[in-house]
Amino acid sequence: MSKEAYDEMSVLSAIYCEQNEFELLEESAERGIVYRIHALIERNNEKTPLALTFHICPDYPHTPPDVSIASSHLSRKQCQDLRLHLLETARSLPPEPMVHDLMLRLQENFSDLIKTSSCDSAEIRPESTEETWTALLHLDHMRSKAKYIKLIEKWASELCLTGRLFTGKPILILLQGRKEDIKEYIHLQKTVKVDVDSSGKRCKEKMMSVLCEIPQPEKILMSTFEVKDILSLEDLRREFDLIGLPELYKQFVCPLIRQEAAV
């Protein structure tokens, strides 16, 4: 990691110095730094809590940071729109430490950004009393990987589902949303031609397994759907830790890994 990245992190931890405002989640030479900032953004004389997780890669600031946003006061769509705005802004900035600048720009433009973020009437809203569910799916393989991933992202967006697609070994799809929307996703996954067979013909997914479908505590919610390329089992475990679901990994992923290793 560059000295600039560490200097900026030191400044940010000094600015966000109240209890639990700044959290260092991960630090390694291979993956870089991951930290979370809990901020209160003023809007219409009210304060909106935001949790912003920044992934600072080893060649930062030449490569902009990745960021995810969660808030109990905003819809998933609004959080996703804020994230996309920050990522676009980061790409437009010169290769200099930029997280503090991104935070300032977010505070200055927050009201306008929220106003322009359209909310789908079918989307889950934080004030909804409907229970949020989490599902974990396992795919055996992806032959037409790029098209398969694009289709998964499309369905997740259309059904207002958040989560992660972990590509690697094993291939996992982690989904959060309304129970009926997850059921619809699983139905699509099983009935639509999503991949190609060994001869190159389009085919349905015949080797998907549902590892779990469970109610999810409101405090552990993902705000976006993201694709993560996983290089090792340790990377996969770390990703579940970062999103606050280590028990899900232990209960359902570890047995799967042991099963695949025994084959």
Between A39 and Y16, what is the shortest heavy-atom contact and its length? CB-CE2, 4.4 Å

Using the rule that Ile, Leu, Val, Met, Phe, Trp and Tyr join whenever any side-chain heavy atoms are under 4.5 Å apart, tell me whether V196 and L139 fall into a single cluster. no

Not counting sequence neighbours, which residues clear ring pair (Phe, Tyr, Trp, His ring centres under 6.0 Å) with F225? List them please. none

So does D235 pair up with R238, basic N to acidic O under 4.0 Å? yes

If every non-hydrogen atom of C79 is compared with every non-hydrogen atom of S71, which pair is closest and at what distance? SG-N, 3.7 Å

Nearest heavy-atom neighbours spanning A90 and P65: CB-CD, 4.4 Å

Would you call R105 and E108 a salt bridge, taking side-chain N to carboxylate O under 4.0 Å as the test? no

State, without any angle test, whether S232 and E234 hold a side-chain donor-acceptor pair at a distance under 3.5 Å. no

With side chains defined as the heavy atoms from C-beta onward, is the minimum distance between M9 and L24 less than 4.5 Å? yes

Cluster check L74, I41: I/L/V/M/F/W/Y, side chain < 4.5 angstrom: yes

Between L137 and V210, does the side chain to side chain contact (heavy atoms under 4.5 Å, CB included) criterion hold? Intermediate values first, please. CA-CA 5 Å; L137 317 179; V210 179; 3.8 Å; yes

Take I182 and T134 through the side chain to side chain contact (heavy atoms under 4.5 Å, CB included) test and state the conclusion after the steps. CA-CA 8 Å; I182 289 176; T134 290; 5.9 Å; no

Considering only NZ, NE, NH1 and NH2 on the basic side and carboxylate oxygens on the acidic side, decide whether D66 and R83 come within less than 4.0 Å. yes

Sidechain-backbone polar pair: E21 side chain, C17 backbone, donor-acceptor under 3.5 Å: yes

Is it true that L25 and Y6 fall in one hydrophobic cluster, defined by side-chain heavy atoms closer than 4.5 Å? no

Between OG1 on residue T89 and CG on residue N109, distance to nearest 0.5 Å: 8.0 Å

Do you see a donor-acceptor pair shorter than 3.5 Å between the side chains of H38 and E23? yes

Is there a side-chain contact between L242 and H55, using heavy atoms and a 4.5 Å cut-off? no

Show the nearest heavy-atom pair for residues P61 and M98, with the distance to one decimal. O-CE, 4.2 Å

Is the closest side-chain heavy-atom distance between Q189 and W155 below 4.5 Å? yes

Are D197 and K201 within salt-bridge range, i.e. N to O under 4.0 Å? no

One thing to verify: whether K179 and E213 come together as a salt bridge, which I'm taking to mean a side-chain N less than 4.0 angstrom from a carboxylate O. no

Please answer whether the main-chain N or O of E153 pairs with a side-chain N or O of S157 as donor and acceptor at a distance below 3.5 Å. no

To the nearest 0.5 Å, how far apart are NZ in K183 and CG in L188? 13.5 Å

Student check: side-chain heavy atoms of I173 and M208 closer than 4.5 Å: no

Would you mind reporting whether E46 and H73 have side-chain heavy atoms less than 4.5 Å apart? no

Flag yes if I230 and V34 sit in one hydrophobic cluster, no otherwise; membership is Ile, Leu, Val, Met, Phe, Trp, Tyr, and two members link when side-chain heavy atoms are under 4.5 Å apart. no

Value for CG (L82) from CG (L87), rounded to nearest 0.5 Å, stands at 11.0 Å

So how far is it from E205 CD to D140 CG, rounded to the nearest 0.5 Å? 7.5 Å

Is there a side-chain contact between I152 and M142 (heavy atoms, below 4.5 Å)? yes

If you round to the nearest 0.5 Å, how far is OH of Y185 from NZ of K190? 12.0 Å

Quick check for you: to the nearest 0.5 Å, what is the distance between F110 atom CZ and T48 atom OG1? 4.5 Å

Any side-chain to backbone donor/acceptor pair from E8 onto V99? Under 3.5 Å, distance only. yes

Is the shortest side-chain heavy-atom distance between L236 and L172 below 4.5 Å? yes

Side-chain heavy-atom pair R202, K147 within 4.5 angstrom cut-off: no

Full working for side chain to side chain contact (heavy atoms under 4.5 Å, CB included) between I15 and I37: CA-CA 10 Å; I15 294 172; I37 296 174; over 6 Å; no

Quick check: closest heavy atoms across P58 and A29, and the distance to 0.1 Å? CG-O, 3.6 Å

Walk me through it: do D195 and S144 pass the test side chain to side chain donor-acceptor pair (under 3.5 Å)? CA-CA 6 Å; D195 204 1; S144 182; 4.8 Å; no

Looking only at heavy atoms, what is the nearest atom pair of K204 and T191, with distance? CE-O, 3.2 Å

Let me check something: do L102 and L40 share a hydrophobic cluster, defined by ILVMFWY side-chain heavy atoms less than 4.5 Å apart, either directly or through other members? no

Side chains of residues 246-257: which donor-acceptor partners sit under 3.5 Å, not counting sequence neighbours?
none

Around atom CZ of R143, are there more than 12 heavy atoms of other residues, nucleotides or ligands at under 6.0 Å? yes

